[in-house]
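To start, the structure itself, in structure tokens.
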Amino acid sequence: MSAWAEARIRAGKRISLVPTMGFFHEGHLCLMRRAAQTADLVVVSLFVNPIQFGPGEDLDRYPRDMERDAGLAWKEGVAVLFAPAREAMYPELPQTRVTVAGLSEGLCGLTRPGHFDGVCTVVAKLFNIVKPATAVFGSKDYQQLAVIRKMTADLNWNIDIVAHPIVRDHNGLAMSSRNSYLSAEERRSALALVKAIDVARAMTGRGINDADRLLAELEIIIKMHDNVEIEYLTIVDSRNLQVQKNVDNQSLLAMAIRVGGTRLIDNAMLFEEAGEFQC
Ligand code: AMP
């Protein structure tokens, strides 16, 4: 991978990297299309990174279908689908971790200790191997995007981090490889996230800007759905992920819930128009 990238860069080509864990859905494909707009060649990495999973998480059952993924990436005109073996990425137990303090600590960082260190470490390795000029990340994982941006700036990588909006299905559910775990009934419950976003935007549109009041209402709405447990439900400043007391035009509603055994996340800027994103 490294030799391929170096040869292309010497020939004057710019590479865009799309890091993924595979089991592609339309969200991943949109990121690939966006990547193609930002550089000459698209590299998609497919690696289910063990060091970003905690004990008891779904590392072993994470959905995989390499054949199908390869076909989809091919159709998108991806130059390389880089799918290293675990032993190739970690020939020995790594003793180095890349930590972005601060931004990694709230939201998903609270219930997934070490998760963002695992993400940053693997993305740092991928940046060094693929040497991209741009890298595309989905704002579905909003905190991840913020953490990667900060890591890239702090470590002086000359890589343009490109954010892609959340891609949703026709019901508004954010696409995720983990949606494949959901039964039909659980899928209906997962729409609690969509409902919460709609209601939050409607309330802020009516001038309600007290975050606690909004969140109390959203909690009731989410709990009306079967089999749903809230992991976090909060309103933060989208620039620094600090919890807000009053909503303003930087406010991001951020949520993680469990539906049955499946953990789902979603987020939305409160002052943006709802609507499906097409790519
Ligand atoms: P994953 O394979 O789930 O690790 O995701 C790989 C990349 O795709 C990450 O940058 C995610 O944020 C992004 N992504 C996943 N789902 C979506 C979605 N529904 N909309 C936009 N980006 C997404």
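Both counts, for ligands and for their atoms, begin at 1 and track the order of listing. Keep in mind that this is a model prediction, so the values were computed, not measured.
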Residues 230-239 side chain polar contacts: donor-acceptor under 3.5 Å, at least two apart:
from, atom 1, to, atom 2, distance (Å)
E231, OE1, R263, NE, 3.1
E231, OE2, T111, OG1, 2.5
E231, OE2, R263, NE, 3.0
E231, OE2, R263, NH2, 2.9
D237, OD1, R239, N, 2.8
D237, OD1, R239, NE, 3.1
D237, OD2, R239, NH2, 2.9
S238, OG, Q250, O, 2.9
S238, OG, Q250, OE1, 2.9

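In the model, Y142 has no side-chain atom that pairs as donor or acceptor with a side-chain atom of D266 under 3.5 Å. In this model, a donor atom of one side chain and an acceptor atom of the other lie less than 3.5 Å apart for S2 and K131.
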Check ligand 1 for close polar pairs with the protein: N or O on both sides, less than 3.5 Å.
from, atom 1, to, atom 2, distance (Å)
ligand 1, 2 (O), M21, N, 2.9
ligand 1, 2 (O), H28, NE2, 2.8
ligand 1, 10 (O), G138, N, 2.9
ligand 1, 12 (O), G138, N, 3.3
ligand 1, 12 (O), G138, O, 3.1
ligand 1, 12 (O), D141, OD2, 2.6
ligand 1, 16 (N), M175, O, 3.3
ligand 1, 19 (N), V167, O, 2.9
ligand 1, 19 (N), M175, N, 3.3
ligand 1, 19 (N), M175, O, 2.8
ligand 1, 20 (N), V167, N, 2.8

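A search for side chain to side chain donor-acceptor pair (under 3.5 Å) contacts involving E57 returns R112, not counting sequence neighbours. Applying the ring-ring contact (aromatic ring centres under 6.0 Å, His included) test to F137 and every residue at least two apart in sequence or in another chain returns nothing.
A salt bridge links R33 to E26: one of the charged nitrogens lies within less than 4.0 Å of a carboxylate oxygen.
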